[in-house]
Structure formats: C-alpha cells, structure tokens
Amino acid sequence: MGGTVQQPIAHECRQCCAFCDRLVEPAGCIEAGCPYLYVYDDETGSRYMGCLNKVFRSEIDVALFEEAQKTRQGFGGVKMTGRPTSLCRVTVERAYRGEGEPFECVNPGFLDGPEPLDGLHSFDVRDRL
Ligand code: SF4
Ligand code: SF4
C-alpha cells in the first residue's frame, strides 16, 4: 500500500462566491535555492525560469520578474498546476470579497493546501550549482 501514484489536484475552489485559486510564488523558489528551479536564455538573449517539477507550468521572463520585485507588491504568484514540495511558497488568492453567507468558506481544507510532495530530502543537487 502507500503507492506513488499521483492523483490530479484541484487548485481552484468555486464552492462559494469567493472563488479561490492556489498560487506559487517564484520568489520563494529562489530564496529556497530549490533544485527544481531552472533558468535558460533563449536565442534573443531573454532569460526565463521555470519549475522542473511543474508545480507551475508557465515560464517566467526573468527581467519582468526582477522589475516587478522592485515594486511594493512584488511579482506575486503564478497559477499552481502540480503537487508542491515542502520548499514551495504556496498562497491562496480570493477573487472576490463580500459579506454574508455566500462568501463563507465551506471548504477550509482547500486553504490548508495539499500535502507537499516530499521528494527533496533524498534529492539535493544544490552543491552542483
Ligand atoms: S518545486 Fe516549488 S520551490 Fe521548487 S522550483 Fe518548483 S515551485 Fe519553486
Ligand atoms: S472561501 Fe473556501 S469555499 Fe469559498 S472558494 Fe475559497 S476555499 Fe472555496
């Protein structure tokens, strides 16, 4: 028992009017020195970064990221698409705020986030970087 098959994870909840989405903040990947973070330069010289673990699938323009990080708000988060590890900085974004029962959370487990994928304890290539 206890196999390694990964079930798809829902990273959005629409069970009340708040409409929540799970995000991951790339700034946390850098601060954690995560071994799953990759960076490459394309043929035009633009630099992109992404997650080998596909916790987020989008590739981020590093120049835009760095510009955004200089602002008070920072770059913020990108849509989560996979199971996070214990290093990922996970946040939940509420699309709507309001009063009364339609906005009362009926799925608090979603806000706690999914169980992290604990593959990092035996896999650490940071000493190669
Ligand atoms: S595994 Fe998590 S911390 Fe590491 S690069 Fe992916 S999203 Fe970032
Ligand atoms: S507040 Fe709770 S029930 Fe409502 S969308 Fe968010 S997680 Fe779902």
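Just so we're clear, the structure is a prediction, and the values are computed from it rather than from any experiment. Each ligand, and each atom within it, is numbered from 1 in the order the structure gives.
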(request) For atom 5 (S) of ligand 2, grab the closest protein heavy atom and report residue, atom and distance to one decimal in Å. (result)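 Answer, as residue, atom name and distance: Cys13 O, 3.3 Å.
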
(request) May I ask you to list the atoms of ligand 1 that are less than 4.0 angstrom from any heavy atom of Leu37? (result)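 Heavy-atom distances to Leu37 below 4.0 Å select 5 (S).
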
(message) Within ligand 1, which atoms have a heavy atom of Phe56 less than 4.0 Å away?
(response)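 In order of number, 7 (S).
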
(request) Record the part of Phe103 in heavy-atom contact with ligand 2 below 4.0 Å; permitted values are side chain, backbone, both and neither. (result)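 Neither part.
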
(request) Using a cut-off of 6.0 Å, state whether more than 12 heavy atoms not belonging to Arg14 lie near its atom CZ. (result)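 More than 12 within 6.0 Å, yes.
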
(message) Within the supplied structure, the quantity of interest is the number of heavy atoms (other residues, nucleotides, ligands) at a distance under 6.0 Å from Phe103 CZ; does it exceed 12?
(response)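 More than 12 heavy atoms, drawn from other residues, nucleotides or ligands, come within 6.0 Å of this atom.
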
(request) Inspect the contact between Lys79 and Asp21 and indicate whether a charged nitrogen and a carboxylate oxygen are less than 4.0 angstrom apart. (result)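 Yes, charged N to carboxylate O under 4.0 Å.
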
(message) Using a distance threshold of 2.8 Å, state whether an N, O or S atom of Cys16 lies below it from atom 8 (Fe) of ligand 2.
(response)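 It does not: Cys16 brings no N, O or S atom closer than 2.8 Å to atom 8 (Fe) of ligand 2.
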
(request) Any chance you could measure Cys16, atom SG, to Arg94, atom CZ, to the nearest 0.5 Å? (result)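 Separation between the atoms: 6.0 Å.
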
(request) Measure the spacing between CG of Asp112 and CZ of Phe110 and express it to the nearest 0.5 Å. (result)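 Reported value, rounded in 0.5 Å steps: 10.5 Å.
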
(request) Using heavy-atom distances, let me know which of Cys88, Pro84, Cys34, Gly33 sits nearest atom 4 (Fe) of ligand 1. (result)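 Looking at heavy atoms only, the winner is Cys34.
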
(request) Could you check which of Pro35, Pro26, Cys29 puts a non-hydrogen atom nearest to atom 8 (Fe) of ligand 1? (result)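 Comparing heavy atoms across Pro35, Pro26, Cys29, the nearest one to atom 8 (Fe) of ligand 1 lies in Cys29.
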
